[in-house]
Every structure is written in C-alpha cells, then in structure tokens.
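First the proteins, then the strands, lettered A, B, ... as listed; each starts at 1. Not measured: the values here are computed from a predicted model.
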Number of protein chains: 2
Amino acid sequence: MPNQNCIHCGSKSDAEKHLTQGELTTLGTSCARVNFKKGQLIFQEGNLATNIVYLTSGLVKIHMKGPVSDKILRLTKAPAYLGLPTTIGDKVNQYSATALSNSTACFISLDIFRDFIVQNSGFAYEIILDLCRNELTDYQRYTNLSQKQLPGRLAEILICLSEKIFESTRFELPLSITELADFISSSRESVSRQLSEFTKSKIIKLSGRELEIVNTELLQMICMKG
Amino acid sequence: MPNQNCIHCGSKSDAEKHLTQGELTTLGTSCARVNFKKGQLIFQEGNLATNIVYLTSGLVKIHMKGPVSDKILRLTKAPAYLGLPTTIGDKVNQYSATALSNSTACFISLDIFRDFIVQNSGFAYEIILDLCRNELTDYQRYTNLSQKQLPGRLAEILICLSEKIFESTRFELPLSITELADFISSSRESVSRQLSEFTKSKIIKLSGRELEIVNTELLQMICMKG
DNA sequence: TAAATACTGTGATATATATCACGTTGTCTT
DNA sequence: AAGACAACGTGATATATATCACAGTATTTA
C-alpha cells in the first residue's frame, strides 16, 4: 500500500527521527507495511536484496545455512532494522529472516534509503551507530558461545531471552528445541536433555512452551562458569 | 607528529578519498602515524576509545577475553580501519588489537572523524559499506567455524590465510599454534596434532613457521566437508 | 476420524577432542 | 653462557556431547 503517512508514524527508527518533513513524505511513497504470521519467511538467503526492512512489531530470527544445519545468528526484537548489512553490503541476501511471532515490517526502497544516507547526515550517523552496536553484541555472543559448553551456552540464551527480549523471568519459548540447538550449535537431543536437567535442578520450570526461570542466580552462575 | 600531510597521502581509505582538500587539511592536524612492532598492542579492551585507528601497513589480530581463554575474532590486513564498531559504538573498547607483523597505523581523533561523517555524505556512505561488508564476512566465518569440527575449522583458517591474507600458497604463519587454537576455539594440543596430520597426509608442508599448502584441492575438500 | 508429519524425551553407545603429563626445542634476559 | 621462560610435539586417558534408536506426543492434512 503506497503513500503511507510516515510523517505521523509512531514507530519511527532513531535514524528516521532525523528526516525532514519532505523526506518523510518521500519515504511514505515508497514504504510498504507488511504483516507476517509466526513462522513466515521475511526475506531469504540467496534472493536479491532490494528493500531495507524495518521491523515495527514482533520477534524475528536471523539465520543462515551452515555446512551441516541451519545456524541462527541472532534474534531481533522490534523496533529494529532487519539485516542492514546484507541489504547494503551485498546485492544478494547472505542470510534469511523468519518471524518467530506475528510481526509487522516496513519495506523501504534501497535507493531511497541510500538517498537519505547521502542527504541527511544525522540519519547516516544513526545508521552507523546501529551497525556498530549490533556488531559489538554479536562479537560478545560469539566469543561466549564458542568457548562455553552446553550448560553455559543454553543458560546464556535463556538469560538473553529473559532479560533482553521479554524482560521477564516468565515467557513463552519463541524457539523450538531444534531451533535452540541451531542457535547454540548443539544437537536437539542434547538441548532437550539439558533442559530436563535444568528442570530437575529446579532452575527453570517448563510446562509446554511456557518457561519460567526460577533460580536466576544459579542460572547466571552456570552461564558465567561455562 | 601533528600536521601530517594527508592531502598527498598515498594510503587513503575509500572513505577518505571523498574528503575535500579542506577536510584533508583538518585531518592532517589531528592524525598521528605510529609504528608497531610484531606482538605490540595497538589498542586494548577496557581502555577508553578516543581515536579511530586506520592500519596503513601490516597485519593485526582483533581479539577479546573470553570466559576460558583469549578469543581471536578476526584478522585485519592493511589497508583497513581497526575496530570501528568498538570505537564508535561504545566509549570503552570491547576488544583489543595486536600487531602480528610490524605495522603502521594512523590515529585519528574521534571527534573529527564524526564531523566528517556528518559533513561529508560520501565519506559516511563508505564507512557504512565497510561496516556492512565486515559483518557479512564475520557471520559467514562464525557459521562455518561453529558447525565444523577441528580438521574443517583448521583447513578454513589455512585457506583464509592463503587466499585472503597472503594471496599465495606459501607463507609464514603469522599466528602461533596457541593463537590458531584461540581462533578456531580448540586446544593448542589438538591444533598441533592436526597440523602434524595434515603434514603426514602431504596436504601441507611445514618447516618452522614457513607453511606451504601442497594439496589445495584436498584441503578445500576437508574445509567443505567439515 | 484417520493418517501423516513434525516435534520431543530418553536410554545406550560411539567418538571427537579436551586434558594431563612430560620431554623437547627455541628465545629472551642478565 | 647459563638460567628462565615460552612455545611446541606427542602419548595416554577422561569426558562432553553427538549419534543412533525408538517410543510418545502434538499438530496439521485429507
């Protein structure tokens, strides 16, 4: 649906807050808002990257085909840009984005986005900040996940879900066991066993997809100790 | 040494090529060129990030303290910016940079660098491109290293050194065995054994630090198969 | 409603690789 | 030159976790 009114949009990105009225009008003519059901693909590895995607609501996994299985690189919670690096840095998407909950995203023409970067320095600077901050958290997670073993890796993800994504010790697991395994580079069976282990030790409580972190301190300890 | 003549500098970054004569003059007044010996720290995790570092010659490792050992995140060959994300994205460095060979780097005031981003859109766009491309290669390496096992991981690094860094099948290993282990998240002993293994199977030839890839096809195979 | 298909839990076993231990070599220091 | 210190090679052993196998439980499809 063209000619969105981006001027009064309540979910502007930090970068978009720097745009002028005129620029926002331009944005409106080339911005399409799309809804995605849980499980739906938002963009796919190997496809041409023609649009910047800005997630306005929902939770998304960024993932990539690895040599043996799918690899989940990160989770992104709205509001946030999805995959700026692959959209700007390459003609073809290097990874995919899939909705983990019902989500809404705005698709913005890459050309217009590029114009904004060139015309509006405040906009450009916010994009740079965003890229930098994301890379820092990625490095941190990469280092942690690559050196800890299973209990520590799983603890790390659960804490991340609790603190960063849901901001609660009680939430519905947005990832299947298999996906958790893809995230922390383990096997489905091992993750399943470790979750049982955490349940037995009364660190977490699991009923269906509903998860509650009962003993945060201990989980933190396990996360630290690896 | 202040008042460098950046105008006629032969090692401008892609971004700096967009700067005006005036901006280059400004750059000159706040740009210091420093030499580093092999093994020297260029900037350190935990320290205040006040300067953008642009590597004009040499090879550098970007590394970070992990829960059990040091983790090498990437190698960076000149010419390239070193650690833009940590300099721009945080007040404090999240990781360190250490010279793997004798190197030269220019230190540029963060304030002036930020001014360039805001004043000069061509400059800003090149920085964005750089950030995006780096993240893409990092994701790729991350996925590969996290799913392959030792032989595949080691093969991947050797091929990377050969193709990306030295552009030759024969080169002097810039990393110690311990550092190779820190890079691919294995133990020193395992890496040592695997190198012996590769030597026995006539895939590589090692004399001291001098390494030659003899059977590239087989090494590629091992890299692919994991 | 039945059938098919994904997703999950758990035991038994296999295996890659970490760890430990020790000797060797090389490099730096004074 | 001698001592100290770091980097390295390699065997024996321990161990975390992948893999295999199978059964149970949801969820979707016809």
Take B/Asp182 and B/Lys71 through the salt bridge (Lys or Arg N to Asp or Glu O under 4.0 Å) test and state the conclusion after the steps. CA-CA 5 Å; B/Asp182 287 340; B/Lys71 167 80 192 171; over 6 Å; no
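When rounded to the nearest whole Å, the span between CG of B/Leu206 and C1' of D/dA7 equals 14 Å. Rounded to an integer number of Å, the gap from CZ of B/Phe198 to P of D/dT10 is 15 Å. Taking atom CD of residue A/Glu189 and atom P of nucleotide C/dT13, one finds them 17 Å apart after rounding to whole Å. Between the CZ atom of A/Arg188 and the P atom of C/dT8 there is a distance of 8 Å, rounded to whole Å.
Comparing B/Ser192 and A/Arg153 by the nucleotide of DNA chain D that holds the closest heavy atom to each, the one mapping nearer the 5' end is B/Ser192.
Between A/Glu167 and A/Lys77 there is a salt bridge, since at least one side-chain N of the basic residue sits less than 4.0 Å from a carboxylate O of the acidic one.
Using a 30° and 60° split on the angle between ring planes, B/Tyr139 and A/Tyr95 fall in the perpendicular class, above 60°.
The A/Ser196 side chain lies nearest to C/dT10 when the options are D/dT19, C/dG9, C/dT10.
For A/Arg193 against D/dT19, a side-chain N or O and a base N or O form a donor-acceptor pair under 3.5 Å.
Note on B/Thr178: a side-chain N or O is less than 4.0 Å away from OP1 or OP2 of D/dC8. Between B/Ser190 and C/dT17, a side-chain N or O to OP1/OP2 separation shorter than 4.0 Å is absent.
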